[in-house]
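I have a structure here, written as structure tokens, and I will follow up with some questions on it.
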Amino acid sequence: MNEATIDLELGREQVIKVKGNLDFCNTGEFSEALSRAVSGGRRTVIDLSGADMLDSGAIACLVAAHNKADDAGASIVLTGVSESVRRVLHMSGLASTFGLTLVEPEKKKSCYDRSELRRQDWRITESVVLAEEELVLALRDMAVAAAREAGLSGESVVDVRLAATEALANALLHGSPNGQKSKIGLRCLACPRAFVMEVSDEGAGLDEDAAAQGEPRAREGIGLRLIRQSMDEVEFLKDERGGRVRMLKWIREMPARE
Amino acid sequence: MGVRFGFRSITGKLVATFLAVFVLLTAYHQVVNYMHRAKWNKFTRETHADAAKAASAMVEYVCQDIISELQMAGALLSARPANRRYINDVLEAFMSRRRNCLAAGLVEIETGKLYRTPPLSPDEREPDVTTTALRGGPNVSDIGRVGNRDAFVVSIPTAMADGKPAELYAVMSAKAIANALAETSSGSHSTVVIDRKGDCVCRVGRSGLELPMSRLRSVRLSTPGEVAHLDGSRDAPGCVAISPLAGWKVAVLDPEKTSYGMLASGEPVWGIAMAAAALVISFSIGNRIASPIRKLSRAAGAVAVGDFRRRVRINSGDELQWLAESFNSMAESLEAHERELRTKSQVQQGLLDVTRTVTANLKLDRVAASIIDAVKDLFGASHAAIFRTNEITGLVEPIQTEPEEGKSIPQPLIELAEHALDTPEMHSAPRIVTYPNSDDGGTIVIVPLVAGNKVLGVLTAAFPTERGNHSERVASMDVLETFASCAAVAIQNAYIHGRTEEFGHMLASLRQVVEAITCSLDLKAVLFSLVKTTAEVMNAKACAILLADKKGNLSVGEEFNLSKKFKEDLNVRPGEKWTGVAFAERRPIVRTDVAAESDLRLRKLAEAEGLHGFMCAPLVMGGEAIGTINIWMPHPYRAKPLEIHLLTSIASHAAVVIANAKLFSKEYQIAETLQSSLVGVVPERLGRLVFGHKYIPALDEARVGGDLFDVVSLPNGRVALIVADVAGKGIEAAVHTGMIRYMMRAFLFQWPDSPGTALGLLNRALASHMETDVLVTVFCAIVDPQTGWMIFANAGHPPAIVLARGGKQQILLHRTGMPIGYMDDSTYDEKALMLAPRDKLLLYTDGIIEARKDKQLLSLERLQDLVFEHAHLDPRRMVEMVCDETSRFSEYDIRDDIAVVAAALEPYDEKRIVGAE
């Protein structure tokens with residue numbers, strides 16, 4: 001599924017070329033390459049021209065590497081930053097760290113009354129998987145498919161994908177309380193007005209306040225911010241089976257029916 | 001009781017005792033008196049003796065005085081030759097010195113010449129003095145009269161100056177003595193002097209006293225100083241002494257003193273003897289009175305401490321004897337009473353013990369045995385037995401069925417018991433009857449055992465001989481009667497208990513059979529469990545059920561433990577053989593031993609089988625016999641009424657159950673046919689699709705439910721999987737089920753690629769055709785068994801589960817539209833999914849996720865967990881697992897139909913693919 005590659009070229013300046021997605025599947029690899037690159041020379045160029053997107057883990061790695069390079073008197077330069085990556089970095093609030101400037105995106109606001117949702121005939125897509133990376137990625141794909149099916153397009157789909165990635169990564173990392181392989185569920189509900197995505201795990205659930213107060217540059221803080229930024233409404237729920245993140249994306253235009 | 005007098009009465013004895021005491025006191029008094037008087041007398045006598053001695057000494061003194069005077073005169077005379085004158089002067093001088101001297105004289109012995117002064121008158125006679133003088137010593141003569149005076153002469157021999165003997169004498173008046181005595185005597189004493197001849201010389205003292213002269217004269221005294229007491233006479237006592245010079249007796253008389261002659265004559269001896277006699281008498285009488293009282297007292301003491309056998313033998317003939325007799329009779333009655341009491345208490349104790357023993361048991365024969373033991377131990381019966389009338393045979397038989405060896409019941413007891421129980425009076429007015437025992441002369445007592453106004457039987461007891469007295473016997477009869485009533489109650493209890501136990505056993509047996517035969521509705525199973533459990537509970541060796549066909553011929557429906565030959569012989573026509581009779585007459589038949597029947601063939605067969613006792617009961621259902629149930633015992637057997645009841649009850653229950661099973665088997669076949677046509681047939685495999693399925697109807701309805709599943713092979717090579725749940729249960733739901741199933745088939749055949757269209761058509765068809773509202777949830781999937789491409793639509797059905805990625809992912813196929821019948825114009829979206837090889841599809845109805853334990857639902861989440869856990873199972877076992885877990889979760893109380901279908905897409909058969917290439 002994940003065909004991302006991270007190439008490290010060591011020379012006068014270290015160049016890391018990233019292709020594909022940087023997400024929880026290759027965070028470790030990316031982190032290792034970064035640390036090698038930063039410790040290897042004064043200037044590290046990260047070529048993100050092939051990268052589709054970053055997730056919170058990758059951003060956290062970049063921040064850590066940047067800090068390390070600053071301490072060492074080295075520098076990290078991002079090149080080939082695509083619009084979507086730029087958007088993610090911006091949503092994370094860390095774009096300026098890397099010397100990126102971008103246009104402030106317009107803040108999306110709810111255009112529907114939430115009470116309308118109750119009367120909708122929801123189309124449900126649901127799947128439960130064991131907490132394995134590959135399966136979780138399948139769930140993310142399923143969420144993206146459901147979002148498309150629900151009528152979302154363009155940036156909205158990217159947003160859903162980002163939110164799904166962050167929520168599922170969180171579930172994968174924190175949803176197994178006893179170390180055993182627990183189950184992660186994805187439930188997408190679609191109606192003409194909104195797309196709702198629920199990610200459930202068997203963990204203790206996300207303590208929103210604790211996450212908000214945590215280190216904003218840590219992975220969790222970045223992830224939470226990404227979710228909030230990418231989706232319109234986010235709820236953190238708990239029940240006896242575990243925690244659940246409910247995320248809503250309003251659908252602005254009716255999907256064009258064929 | 002009057003008062004008896006005389007020595008034989010106590011009164012007499014007391015009188016005598018008082019007399020004796022009186023005598024004793026008198027005697028004592030006498031003795032004391034005697035002692036006192038003896039002392040006094042001794043003193044008196046001594047006094048008298050002293051007085052007498054003093055008096056005699058005085059007399060002696062007077063005489064001696066005179067003699068000495070005379071001697072003085074004699075000396076004067078002898079000093080010088082005398083002449084007359086001189087002699088006269090001397091004599092004169094003498095006379096002048098002596099008063100009371102009447103005369104003095106001198107006689108010359110040789111010459112006889114007398115010199116006397118005063119001169120002797122002629123008529124006077126001079127006392128003879130010569131002789132006196134000649135005697136050689138002074139002499140005092142007896143008293144005589146001189147002149148008119150009493151006088152005596154004192155003479156002494158003397159010698160004249162010339163030596164011529166002469167005698168000098170003096171005539172003394174008696175008064176000289178008297179005066180001397182009077183001077184010396186004192187008190188009341190009278191002193192009497194008697195000369196040798198016994199004439200009274202003088203007397204001094206009280207005059208008028210008659211002197212006991214003769215007694216005085218008779219006193220012989222020889223020695224001077226000797227005294228003689230005057231005792232034993234009526235005269236005054238006194239003492240006599242002798243004056244040696246004169247030879248005169250001097251007596252002192254004490255007239256005031258009584259005579260002490262009696263004292264001397266053994267008076268104290270009498271007193272002592274009387275006292276002794278009185279003592280003896282007193283002791284004897286006292287003893288005679290006291291000893292019986294002592295005896296009585298001892299006896300009473302003994303009785304008081306409980307020795308009631310003590311008796312007192314007193315033959316005194318007085319009140320004490322009466323008392324002793326009364327005491328004896330009292331002791332006797334006490335003894336009798338005590339014995340009676342002891343017997344009673346023993347009996348009561350025994351009764352208590354026996355009651356305890358008797359009530360400790362509820363077995364009739366044990367109760368009877370303890371009663372019989374009690375009768376033997378408590379009442380001393382040599383034999384005892386309890387008889388009752390057997391309800392079945394009408395014979396009188398002992399209750400204790402197994403008499404101990406060597407202790408068989410004597411014949412008279414049996415006969416009398418039979419007689420008693422056959423007598424109507426014994427039942428109308430039960431009472432104890434006593435007969436003499438002709439065998440050993442004892443008695444036989446028949447005691448009716450009455451409980452609740454009903455004579456249960458009789459207790460017969462043989463008593464060896466007449467025991468005790470009449471009252472005792474009567475008392476023990478009373479006790480025996482009481483005991484008998486206790487015993488009767490105990491027997492009644494035991495009897496009732498026995499009956500209750502029998503009933504309980506019968507009920508338990510019946511329950512066992514009924515439980516066994518009602519656990520199934522399958523005729524074969526019912527018949528089998530019927531014969532098996534019936535044989536078991538009846539302790540029979542073999543058992544058979546014969547069922548009648550339409551013509552009424554009986555044939556073996558099921559048998560237990562019968563050989564084939566015997567079994568074939570059992571098939572009969574009505575009225576033929578005992579079985580046929582039981583069937584035809586609809587009554588139970590009981591034969592003690594079929595191996596002893598007259599039918600030779602049957603006998604042989606039964607012997608070969610080892611069958612003896614036989615019971616047969618008709619299976620009657622609604623007044624009509626449908627067969628019989630026969631049992632055979634391994635030994636000759638006399639059935640008890642309860643056992644016949646039991647078999648009859650089993651038969652009637654069995655008849656109903658068999659009839660039901662027959663009916664049910666018909667219905668069941670219909671239902672099964674219906675069910676299979678309605679619920680659907682699922683093939684094991686279609687192409688690469690492998691299926692598993694299970695349908696569990698709800699427990700409380702017929703086997704036809706509202707769930708359906710269907711797997712249809714469609715014309716385009718695809719396979720349709722349908723699971724639906726029609727609201728409601730029972731026949732109506734079943735009808736809808738069938739309808740829906742075939743409608744779905746029809747629509748799917750028409751639109752083999754579009755389950756949504758088929759569901760929409762179904763909805764519209766039902767909405768337009770159904771008169772009643774019907775709500776159906778349907779899940780319909782169309783799978784391409786080659787590629788695994790799946791299109792599904794879900795009309796309100798619980799989500800089907802796709803188990804993908806080796807069981808690690810579950811995709812839930814949620815509804816894509818409203819349930820069928822919810823709205824008239826529902827449309828159903830279709831969704832598509834690609835099944836990978838080994839992916840599984842699990843379809844189910846809400847009976848699974850709505851299975852309840854208390855108020856808890858199984859829930860979809862639990863089902864998902866289960867499926868995750870058992871993801872490796874193949875479809876058939878997956879279905880089994882889901883059904884089992886659901887049943888277990890709901891504790892085997894399934895309230896709703898359950899239909900589960902699982903399908904798995906097998907991977908390509910590489911060999912086949914290779915072969916195909």
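Side chains are part of it too, since the values below use all heavy atoms of this structure and drop only hydrogens, waters and symmetry mates. By convention in this document, chain letters (A, B, ...) are assigned in the order of the sequence lines, proteins followed by strands, and residues within each chain are numbered from 1. Keep in mind that this is a model prediction, so the values were computed, not measured.
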Handout entry: Neighbour count above 12 (heavy atom, 6.0 Å) for B:Arg852 CZ
Key =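 Atom CZ in B:Arg852 is not crowded, with 12 or fewer foreign heavy atoms closer than 6.0 Å.
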Handout entry: Within-4.5 Å side-chain heavy-atom neighbours: B:Lys831 and A:Thr125
Key = yes
Problem - Spacing of A:Glu126 atom CD and B:Leu860 atom CG [to the nearest 0.5 Å] - result: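 It comes to 7.0 Å.
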Exercise for the section: Scan A:Val128, A:Leu186, A:Leu130, A:Val129 and name whichever one has a side-chain contact (heavy atoms from CB on, under 4.5 Å) with B:Gln809. Expected result: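 The option that passes is A:Val129.
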Exercise for the section: Answer yes or no: does atom CZ of B:Phe868 have more than 12 heavy-atom neighbours from other residues, nucleotides or ligands under 6.0 Å? Expected result: yes
Practice task
Output the distance between atom CZ (B:Arg805) and atom CG (A:Leu135), rounded to the nearest 0.5 Å.
Solution key: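 These two atoms lie 6.0 Å from each other.
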Problem - Inter-residue atom distance A:Met142.CE - B:Ile811.CD1, 0.5 Å rounding - result: 4.0 Å
Handout entry: side chain to side chain contact (heavy atoms under 4.5 Å, CB included) assessment of B:His814 paired with A:Arg187
Key = CA-CA 11 Å; B:His814 284 279; A:Arg187 189 172 152 97; 3.8 Å; yes
Handout entry: A:Arg241 bridged to B:Glu861 by N-O distance under 4.0 Å
Key = no
